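Worth saying up front: this structure is predicted, and the values here are computed from it rather than measured. First the proteins, then the strands, lettered A, B, ... as listed; each starts at 1.
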Protein chains: 2
Amino acid sequence: MTQNETLVYHLLCQADRPLSAYNILDALRDKGIRAPLQVYRALAKLAERGAVHRIESVNGFVACQLHDCGGSEVSIFMLCTQCERADEFTDASIDKKLQALGDDRKFQAAHKVIEITGLCADCRSV
Amino acid sequence: MTQNETLVYHLLCQADRPLSAYNILDALRDKGIRAPLQVYRALAKLAERGAVHRIESVNGFVACQLHDCGGSEVSIFMLCTQCERADEFTDASIDKKLQALGDDRKFQAAHKVIEITGLCADCRSV
DNA sequence: ATCGATAATGTTATAATATAACATATGCGC
DNA sequence: GCGCATATGTTATATTATAACATTATCGAT
């Protein structure tokens, strides 16, 4: 891992919610990161390896919470609109069914996104 | 449907790929749409009713291809990176499993996103 | 050790996407 | 007609993402 990737990755590991590229930029300014591109480049590399995931629904990024996701299976995210937590899961049977749905249509899947937005257990009960 | 919503909706119905808000703005300038907000407002209302869907992976919008999606079931999109087509499907069993996954965690789902990016059958065989 | 290729960095500028804040108009029940 | 809710319009600005180009490490082959 290069310098910038390490900085970005460690920050994401400590975060308790998805961070935007600009959140990251701001947090790492005093560590020598000065431009958006430095962040986006690090994120691209990290995502490529499955060390971080992009959360499409919030334009944010999280560190992989599962086995540094070599990424055979789809990640399923539950996103709380209240506390902003992003919890990652996998589910072999959903993955299989989704793959089958694509295969049926001769669709060659390269990347899958599954995100559920709503209220987490904690926020629900408040 | 209001004037602006009608304009936006009809444009999306004719499109063969997801359109960005600014694509829509440009296409409807001569129909009197002049500002991004006019488009975003129309899209918000249309999406609320299930008449259009936002495609998170491409920051674009499509008209619902299925029964003007009263929206009981999740929409599953297959997005071709080559021709940019966005085909919509539903699958009761995937929906159910995903719902169950949330329920198990006491997660109150408000919205679900499932998107598969890759190559469609046509583009694959070229 | 140094040349040269490859990957990583840094920097400025700008593109693309989305919303805030405020002013005006329009339809509709009373 | 009055008052309220909803729809519109407009300007400005925030947020997210990339292009283009210059510079610097890194490291193996000679």
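Around the CZ atom of A:R85, the shell of radius 6.0 Å holds no more than 12 heavy atoms that belong to other residues, nucleotides or ligands.
With hydrogens and angles left out, the side-chain atoms of A:N4 and A:T2 include no donor and acceptor closer than 3.5 Å. Side-chain contact, A:D103 with A:Q99: a donor N or O sits under 3.5 Å from an acceptor N or O. For the residue pair B:S57/B:E115, the side-chain donor-acceptor check at 3.5 Å is satisfied.
At a threshold of 4.0 angstrom between heavy atoms, the contacts of B:A35 include nucleobase atoms, whether or not backbone atoms are also involved.
Put simply, the side chain of A:N23 reaches to within 4.5 Å of the side chain of A:S20, judged on heavy atoms. For the pair B:F89 and B:M78, the minimum side-chain heavy-atom distance is below 4.5 Å. Within the 4.5 Å cutoff, the side chain of B:I55 has heavy atoms near those of the B:V62 side chain.
Between B:H53 and B:F61, the ring centre distance reaches or exceeds 6.0 Å.
Here D:dA17 presents its C1' atom at 17 Å from CG of A:L19, a figure rounded to the nearest Å. Atom pair B:Y22:OH and D:dA14:P shows a separation of 14 Å (rounding to whole Å applied).
For DNA chain C, the outermost nucleotides in 5' to 3' order that have an atom under 4.0 Å from a heavy atom of chain A are C:dA8 to C:dT12.
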So which protein N/O to nucleotides 4-8 of chain D N/O distances come out below 3.5 Å?
unit_1, atom_1, unit_2, atom_2, d
D:dA7, OP2, B:K45, NZ, 2.7
D:dT8, OP1, B:T2, OG1, 2.9
D:dT8, OP1, B:Q3, N, 3.3

